[in-house]
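To start, the structure itself, in structure tokens.
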Amino acid sequence: MDRTRPAKVTTVSPPPPPVTVIGIGADGWEGLGPAAREALRTAEVVIGGRRQLGLLPPECPGERVPWPSPLRPAVPGLFAAHTGRRTSVLASGDPMFFGIGRTLSELLGAERLRVLPHPSSVSLACARLGWALEETEVISLVGRPLAALNRELYAGRRLLVLSAGADTPAEVAGLLGARGFGPSRLRVLEQLGSARERCVEGTAEGWPHPPGDPLNVIAVDCAPADGVRPLSPVPGLPDAAYEHDGQLTKRHVRAATLAALAPAPGELLWDVGGGSGSIAVEWMRAHRVCRAVSVERDPARAERIGRNAAALGVPGLTVVTGAAPGALAGLPTPDAVFIGGGLTAPGVLDACWAALPPGGRIVANTVTLESEALLADRYRRHGGDLVRLAVSHAAPVGGFTGWRQAMPVTQWAAVKPFASRGPGGGAADPGGSVEAAQGETR
């Protein structure tokens, strides 16, 4: 009896064709290389901005689909609707430099993309200006607040600002004048790479030019006015840099607190009991991709935090109005937590510790005996560093000078242990697992 059975055949669907992302400049079709032109000629679907789609010649017969608005939420459905079709995407300049390439990589997967870049507007601008690209700071104002420029203003610095439109040069000039950088030289480079390329220039104070072409890049040679002292990029800004009602971590303690928190690029801070927002602001000033959430129960202070963040160049700071621990629910997982107020509120310390992943850092400052007792208990349970800090300032004493001491500050700083280290965190190392930190409540 023949017991053989036909072999089971498994059909494997071929992978979808890659999405070709093509950078195109103001010079349009003429500026594209052979590979980019061939991809566009053979594409069944071409997706891009209306201006970019308008640069294609009739020899590109594919269906032209303009980006919807809002763009990011629509991307998965847009590409799903064209599954199996040869698809090309048009992007300005280099798609992976402040461009659509990053969004597509995150949403579709890098393995699905074939990227053919064009020289970016920044590369073209540096070529025209004779600036070293690696020494030039680039700030995009496309879909971003103008206040982001406040963080970048230093004497002698060269900035390239990616413009949001024809009105951006005048807006940049106005901000520079308001921040004491009116003498800065501005050059607006329009339609870079096209036959209509031109450059207009002037100083920020009294910017003389009306709105020009919306496709422009702004070159800024930063120059402060006489007597203007730019703020340092390192923690410990002058207290006068902040609007506050007295609830402010003072500059010397603030600098030491940031050292203990140890911000790293891309990390997220919870600033609990935000006060004036100084810790969250200087965390974000440490690197342009640092993120922070400031939690403040008082609505007036919460609004003030937002104003301080914009004035100091980190308008992306998220402010949550509400009392901890309830206001912490639903927030993204932090890499570090600072508690500057509300330590005695039931559950705050435990909620913050529980929210941290292994390796996350916590720093808490206090000036009261009641909160100090709580920190001493956490030091006993979790280890880390427990320090008392006193800062004194010289002050007149009659006709002489003496020391006036601020309230001493107790600070606990610790790193949450990995599971392999067992419970108790730094209990096996009571000397502390975080570098020495200094702090003061707001």
Side-chain angles (χ1 to χ4, degrees), residues 145 147 150-151 235-263 267-286 290-349 351-353 355-356 360-368 371 374-375 409 411-413 437-442:
N150 286 329
R151 179 178 173 270
L237 298 181
D239 295 345
Y242 292 93
E243 178 189 348
H244 65 91
D245 60 359
Q247 294 298 304
L248 175 73
T249 303
K250 303 303 188 291
R251 70 178 303 184
H252 300 95
V253 176
R254 190 185 330 125
T257 298
L258 267 294
L261 288 167
E267 289 191 328
L268 174 68
L269 172 75
W270 283 3
D271 179 20
V272 181
S276 300
S278 63
I279 295 296
V281 165
E282 296 191 28
W283 169 281
M284 291 185 67
R285 284 174 60 90
C290 283
R291 299 166 295 137
V293 177
S294 188
V295 179
E296 171 54 54
R297 66 180 180 180
D298 183 87
R301 288 178 179 163
E303 290 182 6
R304 188 179 295 120
I305 291 171
R307 293 194 296 271
N308 282 330
L312 293 168
V314 288
L317 171 61
T318 300
V319 182
V320 174
T321 304
L328 306 178
L331 296 183
T333 301
D335 298 286
V337 176
F338 174 67
I339 309 175
L343 275 169
T344 57
V348 168
L349 261 173
C352 290
W353 182 258
L356 283 172
R361 291 92 68 197
I362 190 169
V363 177
N365 295 350
T366 188
V367 295
T368 69
S371 294
L374 293 175
L375 298 186
V409 176
Q411 181 186 86
W412 173 57
Q438 300 180 7
E440 179 177 331
T441 61
R442 291 182 245 264

How close do [X] and [Y] get, counting heavy atoms only, and between which atoms?
X    : Y    : result
A241 : L312 : O-CD1, 4.1 Å
A255 : G236 : CB-CA, 3.9 Å
T344 : S371 : CG2-OG, 3.3 Å
A260 : V363 : CB-CG2, 3.9 Å
A292 : M284 : CB-CG, 3.8 Å

_Applying side chain to side chain donor-acceptor pair (under 3.5 Å), can you list everything that pairs with R297, at least two apart in sequence or on another chain?_
none
*Listed partners of E243 passing side chain to side chain donor-acceptor pair (under 3.5 Å), at least two apart*: R307
Starting at [atom1] of [X], measure out to [atom2] of [Y] and round the result to the nearest 0.5 Å.
X    : Y    : atom1 : atom2 : answer
L374 : L343 : CG    : CG    : 6.5 Å
L317 : I305 : CG    : CD1   : 7.0 Å
S278 : L237 : OG    : CG    : 9.0 Å

Acceptor/donor pairs from residues 321-342 side chains to any protein atom, 3.5 angstrom cut, sequence neighbours excluded:
| residue | atom | partner | partner atom | Å |
| --- | --- | --- | --- | --- |
| D335 | OD2 | L268 | N | 2.7 |

*asked:* Assess whether a salt bridge exists between D298 and R304, defined as any Lys/Arg side-chain N lying under 4.0 Å from an Asp/Glu carboxylate O.
replied: no
*Can you name the side-chain contact (heavy atoms from CB on, under 4.5 Å) partners of A147, sequence neighbours left out?*
N150, A310, P315
_Partner residues of P346 under the side-chain contact (heavy atoms from CB on, under 4.5 Å) criterion, sequence neighbours left out_ = none
Does any part of the side chain of [Y], heavy atoms only, come nearer than 4.5 Å to the side chain of [X], both counted from C-beta?
X    : Y    : answer
L349 : L375 : yes
W283 : V314 : no
W412 : N365 : no
E267 : R291 : no
L269 : C290 : no

Determine yes or no for a side-chain-to-main-chain donor-acceptor pair under 3.5 angstrom, with [X] supplying the side chain and [Y] the backbone.
X    : Y    : answer
N308 : S276 : yes
W270 : C352 : no
D239 : R251 : yes
R361 : L261 : yes

*If a pair satisfies salt bridge (charged side-chain N to carboxylate O under 4.0 Å, His left out) and one of its residues is in residues 277-286, list it, with sequence neighbours excluded.*
R254-E282
*Take V293 and D271, measure what side chain to side chain contact (heavy atoms under 4.5 Å, CB included) needs, and give me the verdict at the end.*
CA-CA 6 Å; V293 177; D271 179 20; over 6 Å; no
